[in-house]
A.B. asks: 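I have a structure here, written as C-alpha cells, and I will follow up with some questions on it.
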Amino acid sequence: MRRSQSAATVPSLLMETFQSLLAKKLSDALANAGLPDAGELAQATDPRFGDYQTNAALVLAKQRDENPRDLAEKIVARLDVGDLCEPPVVAGVGFINFTLRTGAMAEKTVEVLRDERLGVAEERSTRRIVIDFGSPNVAKPMHVGHIRSTVVGDALARIAAFLGHEVVRDNHIGDWGTQFGMVIYGWKNLLDQQALQRNPLAEIVRVYKETNERANSNPQVREACRQELVKLQAGDKENTDIWNECVAFSMQDFEHVYKLLDVHYDLQCGESFYHARLPGVVERLLKSGIAEISEGAVVVFFRDNPELADKPLIIRKRDGGFNYATTDLATVDYRVNDLKADAIWYVVGAPQILHFKQIFEIARREGYAADLRHITFGSILGEDRKLMKTRSGENVPLRDLLDEACKRARKIIEEKNPHLSEDDKIDIAEKIGIGAVKYADLSQYRMTDYVFSWEKMLSLHGNTAPYLQNAYVRVRSIFRKAGESAVATPLWGVKEETGHRPVATELTLNDSAEINLAKRLCQFAEIVPQVLNDFRPNILANYLFELANSFHTFYEACPVLKSDEPARSSRLALCVLTGRVLYRGLDLLGIKVPEKM
RNA sequence: GCGCCCGUAGCUCAGCCGGAUAGAGCAACGGAUUUCUAAUCCGUAGGUCGAAGGUUCGAGUCCUUCCGGGCGCGCCA
C-alpha cells in the first residue's frame, strides 16, 4: 500500500508530511467504509489534478468488481480532510484528488522552518549498512571510470546517514591483484629514481605499462613477473617493502582526489586485507559441499539455478592462487560477522552484474542473512558516444578532469564577476567546478550511459549544479543586502545552515509564486526517503532543480525587501527555508554551495 | 549461442512499485532589465515513447517475439 505507511518510512517525529497525513486520513476513511487499505496516495501527476491523488477506488473496484466512481464517492464521503485541503473531488475514471488549502501550506511551511531536519523523519527501523564504493586500484591513477561509483556511493551514504542509518563507508581498494608482479618487476628493473621523486604515481604507472608491454612480447619477462608475484604473496621482505611503498604513493593520489571531492571513508579495507582469510573461505565452501574440485580448480556450480546453471565460479585456481571472487566472499564474511552489517551496498558498474549474482547466491547458500545489493551504473561516454578516453586512447585521470572543471569554472567567473577577490575566485571555482561534475552524475538515472559535456554541466541554464548554486547565492544576496534588520525575533532554534534565522511566526501566502514555492519546500521531506527506494539520487537532484526553478520564479515575481509587511516577513521566511533546503539537499548529494558567484 | 542493460522531441535526459491529455533543459523563435546578482524569468513551437502482438477499466512502465546499440559469460579484477 502507500509507501508513506510502509514500515520503512513512517516518520518517527511528530512532524509529518502532507503525504503521510493524507495517507492516514485515507486509511481511516477506508476503514470507516468497511474497505481494506488499497492503492497509493501520491503527489498529483499534474497540477490540474490538485496536489495529491489516490487511486484507491480504482484498485478496490477491480478487486471487488464494483463501479470505481461509486466507490470513490463512498470514500470521499468519509474523508475528513477539511483541516488540510479543499473538499476532495472524484475525477476521471475514479481518482480522488486533493487540493491543499493555502492556510495549511503556510502552517506546514512554518513547521518545516522550525524543524532542524526540515521535516525529514528518521527511519523507524535503522540498519547498519556497509557501502562499498570508489574502489580504485593501486599503481593506477583514479580515472573517470571511478567517478560514478565514488560520487553515487558517497551521495547514498550521506542520504542513508541522514535518514538515521548507521553507515560504514568502505573503500575496497584494489591493492592485491596480479598486476603487482609487473609493478615489482618494473620497480626493480626500470625505475627512474628522479622521476619517482617528482611524480611517484606517474613513474609507477610508467614502469607498470612498460613491463606489461615487455611481458606481452617476452615470455621470460612474463615468467619473471609471475615469480615476483609469488614472492610477494609468500611474504618476501623486499617485495613487501616495494608493495608498501606503491600503496602509500597511490594513497596519496587518492587522498588528493578525495579531498577535492569531499569524500571520506570510515574504512579502507583493500583486497590485501583479506589475503590471509582466503584459504579459510575455500576450505569452508569445500567442507559444506557448496564448492567442489573441477579440473584441478575449486569451483562453485549453480546447477539448480537456471540463470546461473552454465556459469560456474572459480574460487581457487588450478595453480592454487585465489582470485577476485574469493576475496569478495571473504569480504562478505568480514562485513557481516565482524562489522555486523545488516546490509551491504556495492556501488559497482553494471558489467559486474553476473559476478555479484554469483557472490550473492553463494552468500545465500552459506546462510548469510544480510541484505546484499549490487547498485549498478552505466558508463560515461565522450562526445563521440564511445567510452570516454583521452585523445591518445587512455583513461582520463580523475585529477586532470577535476582540475579542468575548476579551471573552466574559473574562466566563467572571470567573465561574469571579475571584481571578486582572488581567494573568493579560487573557492567559488572549486565549488562550481567540482559540483558541476558531481551533479552531472547524480542528476541522471544511474543506469543510463551519459555523454560528458563541459558545456552542459557548467551551464547556468537548465538542470545543472551552477543553476542550483545560483539560487542559493540569490538567497544569500538578499540577506547580505538586508543586513541585521532581517534577523529579528523570535528565534526558532534552527541550526545555522544559511547563517540566517527566520523572521516571521506565520506566513501569508498570496502570490501563486509564493504558494508554489511553499509547496515545494514542504515536499523535501517526502522526496528524500524515496531516494533509497531504488537508490536513485537523481530523484533528489530533480526535486532540487524544481525547487530552484520555483525560487527563481518567485524571485522575479515577488520583491522581498521592498515589499510591505506582512508579505516582507513571509517572503524572507521563504527565502531562509529555500536556502536551507538547497544547502541541505545539495549537501546530501555531496555538493557545496558558494556564498557569491 | 546464452544472459544482463539501454532505445522517449533535432540534441542531452526525467518519467521508482502499471494511472488521467508523456515532461524538463539545450538548440530555434518571440518577449521581460528605473531591480534583492538578467549567472534569471515568461511565452511559442517541437512526439506513432525502436517495431509488432498480448495482459486490463488503464501500458513509456508488465509479458512474448523481432530490430538496433552496449556489456558480460572457468582459472583477470
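Note that this is a predicted model, so its numbers are computed, not measured.
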A.B. asks: Would you call the rings of Phe452(A) and Trp454(A) parallel, tilted or perpendicular if under 30° counts as parallel and over 60° as perpendicular?
C.D. replies: perpendicular

A.B. asks: So which nucleotide does U61(B) pair with, by the Watson-Crick or G-U wobble rule with both distances under 3.5 Å?
C.D. replies: none

A.B. asks: Between Glu414(A) and Arg410(A), is the closest basic N to carboxylate O distance under 4.0 Å?
C.D. replies: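 Looking at Arg410(A) and Glu414(A), the cut-off is met.
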
A.B. asks: So what's G23(B) paired with, Watson-Crick or G-U wobble, going by both distances under 3.5 Å?
C.D. replies: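 Its partner is C13(B).
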
A.B. asks: Would you please determine if the base of A20(B) is stacked by Phe49(A), with stacking meaning a centroid separation under 5.5 angstrom and planes under 30 degrees?
C.D. replies: yes

A.B. asks: Can you see whether Tyr467(A) engages Asn549(A) through a side-chain donor-acceptor pair at a distance of less than 3.5 angstrom?
C.D. replies: yes

A.B. asks: For Phe545(A) and G25(B), give me the distance from atom CZ to atom P, rounded to whole Å.
C.D. replies: 6 Å

A.B. asks: Flag yes if more than 12 heavy atoms outside Glu565(A) fall under 6.0 Å of its CD atom; otherwise flag no.
C.D. replies: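 Atom CD in Glu565(A) is packed in, count exceeds 12.
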
A.B. asks: Expressed in whole Å, how much space separates the P atoms belonging to G47(B) and G23(B)?
C.D. replies: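 So the two P atoms sit 13 Å from each other.
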
A.B. asks: Classify the nucleic acid contact of Asn55(A) as base, sugar-phosphate or nothing, counting any heavy atom under 4.0 Å across all strands shown.
C.D. replies: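 Base contact.
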
A.B. asks: Picking from A14(B), C71(B), G74(B), which would you name as closest to the side chain of Phe301(A)?
C.D. replies: G74(B)

A.B. asks: Rounded off to whole Å, could you give me the CG-to-P distance for the Leu458(A) and C26(B) pair?
C.D. replies: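 The answer, rounded to whole Å, is 15 Å.
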
A.B. asks: Closest approach to the side chain of Asn533(A), judged atom by atom: which nucleotide of C16(B), A38(B), C6(B) is it?
C.D. replies: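 The nucleotide sitting nearest to the side chain is C16(B).
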
A.B. asks: Closest to the Ile353(A) side chain: G74(B), C4(B), A77(B)?
C.D. replies: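 Shortest atom-to-atom distance from the side chain points to C4(B).
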
A.B. asks: Is there a side-chain contact between Asn538(A) and the phosphate of C13(B), meaning an N or O under 4.0 Å from OP1 or OP2?
C.D. replies: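 No, because none of the side-chain N or O atoms of Asn538(A) sits under 4.0 Å from OP1 or OP2 of C13(B).
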
A.B. asks: Just to be sure I understand the rule, does Tyr555(A) reach a base, reach only the sugar-phosphate, or reach nothing, if contact means heavy atoms closer than 4.0 Å?
C.D. replies: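 Since a base atom lies under 4.0 Å of Tyr555(A), the category is base.
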
A.B. asks: Between Arg536(A) and G15(B), is there a side-chain N or O to OP1/OP2 distance below 4.0 Å?
C.D. replies: yes

A.B. asks: Using the P atom on both, measure U61(B) against G18(B) and round to a whole Å.
C.D. replies: 12 Å

A.B. asks: Between the side chains of Asn516(A) and Ser550(A), does any donor sit under 3.5 Å from an acceptor?
C.D. replies: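 No, no side-chain donor-acceptor pair sits under 3.5 Å.
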
A.B. asks: For G25(B), take OP1 and OP2 only and decide whether either is under 4.0 Å from a side-chain N or O of Asn542(A).
C.D. replies: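 So the side-chain polar atoms of Asn542(A) never come under 4.0 Å of the phosphate oxygens OP1 or OP2 of G25(B).
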
A.B. asks: Using a cut-off of 4.0 Å on non-hydrogen atoms, how would the nucleic acid contact of Lys596(A) be classed: base, sugar-phosphate, or nothing?
C.D. replies: base

A.B. asks: Would you mind telling me which residue lines up with the more 5' stretch of RNA chain B, Arg318(A) or Glu307(A), judged by nearest nucleotide?
C.D. replies: Glu307(A)

A.B. asks: Distance check, P atoms only: C75(B) and G15(B), in whole angstrom units.
C.D. replies: 37 Å

A.B. asks: Return the nearest nucleotide to the side chain of Lys357(A); candidates are C4(B), G25(B), A77(B).
C.D. replies: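 Of the candidates, C4(B) comes closest.
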
A.B. asks: Using the C1' atoms only, state how far C4(B) lies from C41(B), rounded to an integer number of Å.
C.D. replies: 45 Å

A.B. asks: What distance, rounded to whole Å, do you find between the two C1' atoms, one in G50(B) and one in G70(B)?
C.D. replies: 15 Å

A.B. asks: Please find the pair of heavy atoms, one from Leu442(A) and one from Val152(A), that lie closest to each other, and give the distance.
C.D. replies: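 Heavy-atom minimum between the residues: CD2-CA, 4.0 Å.
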
A.B. asks: Within 45° of the six-membered ring axis of Phe301(A) and under 6.0 Å from that ring's centre, is NZ or CZ of Arg303(A) located there?
C.D. replies: yes

A.B. asks: Can you see whether Gln469(A) engages Tyr439(A) through a side-chain donor-acceptor pair at a distance of less than 3.5 angstrom?
C.D. replies: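 Tyr439(A) and Gln469(A) do not have a side-chain donor-acceptor pair below 3.5 Å.
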
A.B. asks: Distance check needed: A39(B) P versus Leu468(A) CG, whole Å only.
C.D. replies: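 About 17 Å, once rounded to whole Å.
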
A.B. asks: Determine: side-chain N/O of Ser453(A) to OP1/OP2 of C26(B), distance under 4.0 Å, yes or no.
C.D. replies: no

A.B. asks: Ignoring the backbone of Gln444(A), work out which of A14(B), G74(B), A39(B) is nearest its side chain.
C.D. replies: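 Nearest listed nucleotide: A14(B).
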
A.B. asks: For atom C1', what is the distance between G72(B) and C29(B), given to the nearest Å?
C.D. replies: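 Taking atom C1' in both G72(B) and C29(B), they lie 47 Å apart.
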
A.B. asks: For Val183(A) and Ala139(A), work out which heavy atoms get closest and say how close.
C.D. replies: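 Between these two residues, the closest heavy atoms are CG2-CB, 3.9 Å.
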
A.B. asks: Contact list please: residues 135-146 of chain A against RNA chain B, heavy atoms, distance less than 4.0 Å, in numerical order.
C.D. replies: none

A.B. asks: On RNA chain B, nearest-nucleotide positions of Val93(A) versus Val560(A): which is more 5'?
C.D. replies: Val93(A)

A.B. asks: What's Ala91(A) touching, base or sugar-phosphate or nothing? Going by heavy atoms closer than 4.0 Å.
C.D. replies: base

A.B. asks: Name the closest nucleotide to the Ala297(A) side chain, picking from C75(B), C41(B), C71(B).
C.D. replies: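 When the side chain of Ala297(A) is considered, C75(B) is the closest of C75(B), C41(B), C71(B).
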
A.B. asks: For G69(B) and A28(B), measure between their C1' atoms and round to the nearest Å.
C.D. replies: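 After rounding to an integer number of Å, I get 29 Å for this pair.
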
A.B. asks: Pick base, sugar-phosphate or nothing for Glu295(A), based on heavy-atom distances below 4.0 Å to the nucleic acid.
C.D. replies: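 Base, at least one base heavy atom under 4.0 Å.
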
A.B. asks: Might you point out which heavy atoms bring Asp175(A) and Trp243(A) nearest each other, and give the distance in Å?
C.D. replies: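 Minimum heavy-atom contact is O-NE1, 2.8 Å.
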
A.B. asks: What integer number of Å spans the P atoms of U55(B) and A45(B)?
C.D. replies: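 The same atom, P, in both gives a distance of 37 Å.
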
A.B. asks: Which is true for Gln53(A) with a 4.0 Å heavy-atom rule: it touches a base, it touches only sugar-phosphate, or it touches nothing?
C.D. replies: base

A.B. asks: Rounded off to whole Å, could you give me the NZ-to-P distance for the Lys62(A) and U56(B) pair?
C.D. replies: 8 Å

A.B. asks: Using both distances under 3.5 Å as the test, list the Watson-Crick or G-U wobble partner of C2(B), or none.
C.D. replies: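 C2(B) is paired with G72(B).
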
A.B. asks: Using a cut-off of strictly less than 4.0 Å, decide whether Arg474(A) has a side-chain nitrogen or oxygen near OP1 or OP2 of A38(B).
C.D. replies: yes

A.B. asks: Could you please name the option among A77(B), A20(B), C4(B) that lies closest to any side-chain atom of His355(A)?
C.D. replies: A77(B)

A.B. asks: Looking at Phe377(A), I'd like to know if the NZ or CZ of Arg148(A) sits under 6.0 Å from its six-membered ring centre while staying within 45 degrees of the ring's axis.
C.D. replies: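 The answer is no; the distance or angle limit is not met.
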
A.B. asks: Would one find a side-chain N or O of His552(A) under 4.0 angstrom from OP1 or OP2 of C41(B)?
C.D. replies: no

A.B. asks: Check every strand shown and say whether Pro559(A) touches a base, only sugar-phosphate, or nothing at a heavy-atom separation below 4.0 Å.
C.D. replies: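 Base contact.
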
A.B. asks: Would you mind telling me which of C5(B), U21(B), A14(B) lies closest to the side-chain atoms of Met447(A)?
C.D. replies: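 It is C5(B).
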
A.B. asks: Any side-chain N or O of Lys456(A) under 4.0 Å from OP1/OP2 of C13(B)?
C.D. replies: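 It does not, given that no N or O in the side chain of Lys456(A) lies less than 4.0 Å from OP1 or OP2 of C13(B).
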
A.B. asks: Give one of base, sugar-phosphate or nothing for Asp328(A), where a contact means two heavy atoms less than 4.0 Å apart.
C.D. replies: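 The answer is nothing, as Asp328(A) stays clear of every strand by at least 4.0 Å.
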
A.B. asks: Which base sits across from G43(B) as a Watson-Crick or G-U pair, both distances under 3.5 Å?
C.D. replies: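 Here G43(B) is engaged in a pair, and the nucleotide opposite it is C29(B).
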
A.B. asks: Are Lys311(A) and C73(B) close enough that a side-chain N or O sits under 4.0 Å from OP1 or OP2?
C.D. replies: no

A.B. asks: Rounded to whole Å, please give me the gap between CD in Gln63(A) and P in C57(B).
C.D. replies: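 Distance, rounded to whole Å: 13 Å.
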
A.B. asks: To the nearest Å, give me how far apart CD (Glu556(A)) and C1' (G43(B)) are.
C.D. replies: 14 Å

A.B. asks: Can you check whether Tyr467(A) has a side-chain N or O nearer than 4.0 Å to OP1 or OP2 of C41(B)?
C.D. replies: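 Yes, because at least one side-chain N or O of Tyr467(A) sits under 4.0 Å from OP1 or OP2 of C41(B).
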
A.B. asks: When both hydrogen-bonding distances must be under 3.5 Å and the geometry is Watson-Crick or G-U wobble, what is G7(B) paired with, if anything?
C.D. replies: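 Result: C67(B).
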
A.B. asks: Assert yes or no for the condition that the ring centre distance of Tyr346(A) to Phe356(A) is strictly below 6.0 Å.
C.D. replies: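 Yes - the distance between ring centres of Tyr346(A) and Phe356(A) falls below the 6.0 Å cut-off.
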
A.B. asks: For G15(B) and Thr45(A) - does any side-chain N or O of the residue sit under 4.0 Å from the phosphate oxygens OP1/OP2?
C.D. replies: no

A.B. asks: For Ala350(A), report the nucleic acid contact type (base, sugar-phosphate, nothing); a contact means any heavy atom under 4.0 Å.
C.D. replies: nothing

